[in-house]
Amino acid sequence: MLKLTHSCGSLRGSDAGKKVSLAGWVSSWRDHGGVVFIDIRDISGITQIVFGRDESADNEELLERAHLLRGEYVIAVSGEVILRPEGTRNEKIPTGEIEVAVSSMELLNTCRELPFDMKNMDAVSDEVRLKYRYLEMRAGRLKDNIIFKHKLFQTTRNFFSDNGFLEIETPFLTKSTPEGARDFLVPSRLNPGNFYALPQSPQLFKQLLMIGGFMRYFQIVRCFRDEDLRQDRQPEFTQLDLEMSFIDEEDIKNILQDYVSLLFKELLDIELKTPFPEMTYADAMLRFGSDKPDLRNPIEIKDITDIAARTDFKVFKQAAEKGVVRGIKLSDAEEISLSTIAALTKEVAPLGAKGLAWIRHREEGLHSQITKFFSQEILSEISERFDTVPGDILFFIADTEEVACKSLSYLRDRLFTPDENEFRLLWIVDYPLFEKDSDTGAWIPIHHPFTAPNPEDVELLNTDPGSVRSRAYDLVLNGSEIGGGSIRIHSMELQKKIFNLLNISDEEADAKFGFLLKGLEFGAPPHGGFAFGVDRLATKMLGLSSIRDLIPFPKTQRAYSPLSGAPSTVEFEQLTELGLKLDVPTKKKED
RNA sequence: GGGGUGGUAGUUCAGUUUGGUUAGAACGCUGGCCUGUCAAGCCAGAGGUCGCGAGUUCGAGUCUCGUCCACCCCGCCA
């Protein structure tokens with residue numbers, strides 16, 4: 001093959017006169033018979049090459065072969081860089097000042113008829129794009145997204161390496177733990193009947209690395225969770241995982257803040273405001289109804305349970321006794337019609353809201369179907385709490401705290417469109433350590449069972465486990481949880497106490513994660529860490545709607561790969577070798 | 001597991017409400033013409049299991065039932 005001198009995106013006007021060689025794919029062609037223009041593309045860009053314009057070459061022979069070129073044919077050409085004639089320059093591409101007058105061409109490969117239009121791939125269905133992912137990568141945005149992720153990885157490695165972190169591997173074939181997400185299992189041929197699990201995260205191993213004395217660890221690592229897929233969830237995804245010894249929350253938050261700021265600066269040239277604001281879990285739930293509020297949205301929830309308790313409006317009064325009455329204010333809301341309110345009511349119904357009360361502030365005062373239940377004093381108290389002015393509308397949910405939070409958080413998002421170019425980061429801290437399982441009533445850890453309780457609350461472990469705060473922290477970006485972590489328990493005594501509370505027996509604990517617990521007894525240092533959802537973070541940074549848009553080879557919502565055909569059945573012999581027999585429930589067939 | 005939207009040419013879609021002649025458009029594809037185009041232009045042409053299966057009907061892309069697939073959401077995701 002020809003030795004290349006340049007890439008397809010590199011030539012400029014100053015290169016005029018040079019003899020060059022380029023190779024790439026035929027992006028488009030304009031065949032005028034006596035002259036043929038080809039746009040040749042590689043990863044760096046596009047250059048126009050011209051056939052029939054080199055006086056020294058056998059143009060007749062060249063043109064004859066150029067007529068046969070089609071989309072995505074692979075060619076290498078050499079020729080002279082010439083300035084395009086006045087009036088024929090292309091402002092739209094960086095190489096538009098010049099073209100290459102071809103003196104020889106090598107056809108390196110042909111291409112079948114394309115399954116979709118390479119110039120308008122956005123419109124093509126996900127399934128077809130995934131099946132021909134390599135074509136989608138060759139041109140367009142997916143390529144840019146993948147390059148972006150490379151830069152993110154590079155910046156990440158440099159940053160953590162510069163800050164004394166070591167990049168260390170952890171096993172993919174590891175032990176199944178029934179907690180948390182469903183595991184992907186891998187049968188063991190050498191140990192029939194036994195299974196490895198693919199890691200949901202390297203959690204236990206990074207703690208062992210701390211016990212092993214590495215003090216600062218990080219890894220860009222694949223994690224696996226066999227749960228249903230979403231726009232922002234794939235069965236395998238990439239985490240930036242890190243752990244540090246002899247530190248507290250502040251150390252971790254500081255280093256992560258520096259890291260995230262650097263990413264935004266280097267990749268997007270955006271200066272983030274630091275320090276990132278911090279909010280307690282309780283505060284976030286009260287003010288935004290969510291533990292991952294989008295701070296670009298100025299709407300805040302206000303509690304009026306105290307006022308509602310003093311009204312004669314049954315819905316409010318009863319809710320005030322058993323639950324809460326909370327609301328949000330929407331300004332300049334004259335265009336919110338009764339039918340819009342009816343629609344909103346319908347939308348919050350699946351969240352448990354039995355109704356959606358509203359009050360409008362008009363020039364003549366507060367107005368609503370329910371204002372007749374309220375005295376003038378109550379009305380002005382409500383108006384004061386929300387600081388209403390004419391044009392505002394208030395929406396109320398009177399229900400359990402959970403329903404109120406969910407519904408108002410939904411409405412908050414629904415009624416405000418944030419600026420896509422704004423990035424608001426936020427720490428959420430002081431999570432409860434436990435929550436009640438809604439089915440069994442048992443205590444379950446919110447984060448994971450190795451999360452340390454707040455030292456101030458340790459006494460409460462005995463009396464009121466539900467109000468124990470944890471040393472966990474989440475980082476939230478524009479309403480999306482992009483990472484979380486905690487200070488871990490490094491004392492076996494405390495760890496045992498937590499297991500007791502979680503109703504995990506010594507035997508059970510030993511069977512599930514005994515290898516970590518044993519390590520705790522061998523001089524585990526105080527340690528803590530963090531894990532970033534890299535795909536989610538990059539998705540947010542690029543303003544993409546789905547993490548599929550920056551995963552090179554993603555799966556469909558049924559966790560199927562249209563490209564490879566995975567998952568698939570396997571040969572009977574493979575199963576036998578593993579000591580496995582299938583018992584797949586057959587779907588009921590038609591009569 | 002549940003709810004929603006969709007599936008018609010290689011691609012993106014119209015046609016389905018109200019069943020009725022040969023299922024259309026754009027782009028792409030094939031052939032031809034063409035010496036300054038750049039999403040080139042002009043002429044001609046090919047291309048369809050209307051996701052699949054059953055049913056209703058004289059007749060189904062259109063109605064009914066089932067099923068598969070894609071996407072979005074709830075559950076789930078420590």
Trainee: Which part of the nucleic acid, if any, lies within contact of A:T451, taking any heavy atom under 4.0 Å across all strands shown: a base, the sugar-phosphate backbone alone, or nothing?
Mentor: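 No contact.
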Trainee: With heavy atoms under 4.0 Å as the rule, sort A:Q557 into base, sugar-phosphate or nothing.
Mentor: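 Base: the residue A:Q557, judged by heavy atoms under 4.0 Å, touches a nucleobase.
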Trainee: Using the P atom in both, what is the distance from B:rU64 to B:rU16, to the nearest Å?
Mentor: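 Those two atoms are separated by 15 Å.
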Trainee: If we take the C1' atom in both B:rG10 and B:rC34, what is their distance in whole Å?
Mentor: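 So the two C1' atoms sit 27 Å from each other.
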Trainee: Can you give one letter per nucleotide of nucleotides 30-42 of chain B, 5' to 3': B if a protein heavy atom sits under 4.0 Å from the base, S if only from the sugar-phosphate, - if neither?
Mentor: SS--BBBBBSB--
Trainee: Taking the C1' atom of each, how far is B:rA40 from B:rA46, in whole Å?
Mentor: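 B:rA40 and B:rA46 have their C1' atoms separated by 23 Å.
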Trainee: Pick the P atom in B:rC68 and in B:rG53, then give their distance to the nearest Å.
Mentor: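 My reading of the P atoms in B:rC68 and B:rG53 gives 15 Å.
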Trainee: Taking the six-membered ring for Trp, are A:F513 and A:F499 closer than 6.0 Å centroid to centroid?
Mentor: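 Yes - the distance between ring centres of A:F513 and A:F499 falls below the 6.0 Å cut-off.
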Trainee: What does A:I446 touch in the nucleic acid at a heavy-atom separation under 4.0 angstrom: a base, only the sugar-phosphate, or nothing?
Mentor: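 If one applies the 4.0 Å heavy-atom cut-off, A:I446 turns out to touch the sugar-phosphate alone, with no base involved.
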Trainee: Kindly give the heavy-atom pair with the smallest separation between A:K406 and A:L351, and that separation in Å.
Mentor: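 In terms of heavy atoms, the two residues are closest at O-CD1, 3.8 Å.
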Trainee: OP1, OP2 of B:rC71 versus side-chain N and O of A:Q231: anything below 4.0 Å?
Mentor: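 Checking A:Q231 against B:rC71: no side-chain N or O falls below 4.0 Å of OP1 or OP2.
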Trainee: Taking atom types as they are modelled, would you say the side chain of A:R233 forms a donor-acceptor pair with the base of B:rC77 within the 3.5 Å cutoff?
Mentor: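 Yes, the side chain and the base share a sub-3.5 Å donor-acceptor pair.
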Trainee: A:R233 and A:R536: which non-hydrogen atoms are nearest, and at how many Å?
Mentor: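 Smallest heavy-atom distance, with atoms named: CG-NH2, 3.7 Å.
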Trainee: Would you indicate what A:L114 reaches in the nucleic acid, counting non-hydrogen atoms under 4.0 angstrom: base, sugar-phosphate, or nothing?
Mentor: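 Touches sugar-phosphate only.
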Trainee: Does A:H67 have its ring centroid less than 6.0 Å away from the ring centroid of A:F51?
Mentor: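 No - the distance between ring centres of A:H67 and A:F51 does not fall below the 6.0 Å cut-off.
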Trainee: Go ahead and name the base partner of B:rA26; Watson-Crick or wobble counts if both distances stay under 3.5 Å, otherwise write none.
Mentor: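 B:rU11 - that is the nucleotide pairing with B:rA26, both distances being under 3.5 Å.
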Trainee: Is the distance from the ring center of A:F218 to that of A:F532 below 6.0 Å?
Mentor: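 Between A:F532 and A:F218, which both carry aromatic rings, the centre distance is not below 6.0 Å.
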Trainee: Determine the Euclidean distance between corresponding P atoms of B:rG15 and B:rU56; express it in Å to zero decimal places.
Mentor: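 My reading of the P atoms in B:rU56 and B:rG15 gives 29 Å.
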Trainee: Less than 6.0 Å separating the ring centroids of A:F237 and A:F224?
Mentor: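 No, too far apart.
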Trainee: Taking the same atom, P, in B:rG48 and in B:rA9, what whole-Å distance lies between them?
Mentor: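 It works out to 10 Å between them.
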Trainee: Is A:R230 side chain donor-acceptor paired with the B:rG75 base, going by distance under 3.5 Å alone?
Mentor: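 Present.
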Trainee: Distance check, P atoms only: B:rA23 and B:rG61, in whole angstrom units.
Mentor: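 It works out to 10 Å between them.
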